Amino acid sequence: MPELPEVEVVRRGLARWVSGRTVAEVDVAHPRAVRRHLAGAEDFAARLKGATLGEAHRRGKYLWLPLGSVRRTLAGPAASGTAPRGVAGAPSGNPPECAPAPCDAPHQTPRPIRPRSAGQTLGGEAALLAHLGMSGQLLVQPHDAPAETHLRIRIRFDDELGTELRFVDQRTFGGLSVHESTPQDGVPVPLSHIALDPLDAAFDEAAFHTALRRRRTTVKRALLDQSLISGVGNIYADEALWRTRLHYERPTATLTRPVTAELLTHIREVMGDALAAGGTSFDSLYVNVNGESGYFDRSLDAYGREGEPCARCGTPIRRRPWMNRSSYYCPRCQRPPRASS
DNA sequence: ACGTCGACCTGTGGGC
DNA sequence: TGCCCACAGGTCGACG
């Protein structure tokens, strides 16, 4: 159940082990894994083949890597067979560089216009987009590693590193696809309605508060609404609400500016804590490009702790069915709003 | 336009 | 022992 911190760990893994490598072969083992690529699996593979994967970006729970191309994208007179290898991509035989920023540098929304490096193909910018859904993993594995039970997509590279990228997903809620990016901000088109996430330096706190006040909904629904704020899932929503002492059914229209600010602070803190726990071992090769490291030993105060004493007041934590899932809260610290049941 | 809710998936675990 | 169902939950499209 990757939320933002887990996805960020994956992004760092991709930046370290995948960025800069050129795709040689793509094998789609399960069509549902590319269902967001409307042109189908064959087109998905064709779009990737020959492309060099660029910097790893993240917004909320989405990941993407811009596609450059060492060779010409269209078959020209000199395109087949004679295109030089390793001109603009990673030098073959060497570990891919993590340039230009350190892999674990705080992510930023990409600059509006990135300078093209020599050899990159002109034309519409495209990107490989990934969402892990509920159970998705991106693994960097040796070629000869046995296929995982739920291996959906395999991407091989044209270098000599001996590893490939695998998308493994038990429940198939996640998937990969290739999309054009908007020229304005370089973000893949399907993400245009996805709000910035709270760890993004450009996140607009005042605008978020204004939007909350305008909505006629409750605070937890708003936290899970990707068009208002992205990256928050059921787990961190409950945790942040617990830290802020807010009941999940509190109408957003009643939130004051200081409360919104405190809520955001707690969202960032709980995500930061999880990232610190999950990011500690991501750089061990092959294993931890999967978003799971650190996940299970995260310390949670509310989520999943039904019946256990609240860490603040000792009152047993409650679980309530909510929107076909669950909400965990302390009935004493997080009083329900007066007017609602 | 905005808010709500069910469908999509599959493995696990508890209850009978 | 075996079967059934609740549950996990992010996203999108349908509906009001």
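Quick note: numbers below take in every heavy atom, side chains included, and nothing from hydrogens, waters or symmetry partners. Please read all numbers here as calculations on a predicted model, not as lab measurements. Throughout, protein chains are lettered first and strands after them, A, B, ... in sequence-line order, and every chain is numbered starting at 1.
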Just N and O in the side chain of [X]: are any of them under 4.0 Å from OP1 or OP2 of [N]?
| X | N | value |
| --- | --- | --- |
| A:Tyr328 | C:dA8 | yes |
| A:His193 | C:dT11 | no |
| A:Arg35 | C:dT11 | no |

Exercise. What heavy-atom pair brings A:Ser135 and A:Thr172 nearest, and what distance separates the two atoms?
Worked result: OG-N, 4.3 Å
Exercise. What is the minimum heavy-atom distance between A:Arg47 and A:Leu67, and which atoms define it?
Worked result: O-CD1, 4.0 Å
Problem set entry | First encountered from the 5' end of DNA chain C, between A:Arg319 and A:Asn234 | A:Arg319
Seminar exercise, completed: Whichever of A:Gln226 and A:Gln170 has the more 5' nearest nucleotide on DNA chain C, that residue is A:Gln170
Exercise. Are the side chain of A:Arg335 and the backbone of A:Arg332 linked by a donor-acceptor contact shorter than 3.5 Å?
Worked result: yes
Please report, rounded to the nearest Å, how far the [atom2] atom of [N] is from the [atom1] atom of [X].
| X | N | atom1 | atom2 | value |
| --- | --- | --- | --- | --- |
| A:Glu3 | C:dT11 | CD | P | 10 Å |
| A:Arg171 | C:dA6 | CZ | C1' | 13 Å |
| A:Met134 | C:dA8 | CE | C1' | 5 Å |
| A:Arg36 | C:dG10 | CZ | P | 13 Å |
| A:Asp169 | C:dG10 | CG | P | 14 Å |
| A:Trp322 | C:dA8 | CH2 | P | 12 Å |
| A:Ile229 | C:dT11 | CD1 | P | 13 Å |
| A:Tyr236 | C:dG10 | OH | P | 11 Å |

Exercise. In terms of side-chain heavy atoms, does A:Glu148 have a donor or acceptor partner in A:Gln141 at a distance below 3.5 Å?
Worked result: yes
Exercise. Would one find more than 12 heavy atoms of other residues, nucleotides or ligands at under 6.0 Å from atom CD of A:Glu42?
Worked result: no
Beyond-backbone contact of [X] with [Y], side-chain heavy atoms, under 4.5 angstrom:
| X | Y | answer |
| --- | --- | --- |
| A:Leu255 | A:Leu246 | yes |
| A:Arg36 | A:Leu129 | no |
| A:Val28 | A:Leu176 | no |
| A:Asp225 | A:Arg221 | no |

Exercise. Looking at residues 146-154 of chain A, who's got a heavy atom less than 4.0 Å off DNA chain C?
Worked result: none
Exercise. Which word best sums up how the rings of A:His179 and A:His37 line up, parallel for under 30°, tilted for 30 to 60°, or perpendicular for over 60°?
Worked result: tilted
For this session: For DNA chain B, note the earliest and the latest nucleotide, 5' to 3', having some atom under 4.0 Å of a heavy atom belonging to chain A.
Result: B:dG3 to B:dG11
Problem set entry | Nearest-nucleotide comparison on DNA chain B, the residue closer to the 5′ end among A:Arg32 and A:Arg214 | A:Arg214
Exercise. Quick one: does A:Arg325 reach the base of C:dG10 with a side-chain donor-acceptor pair under 3.5 Å?
Worked result: yes
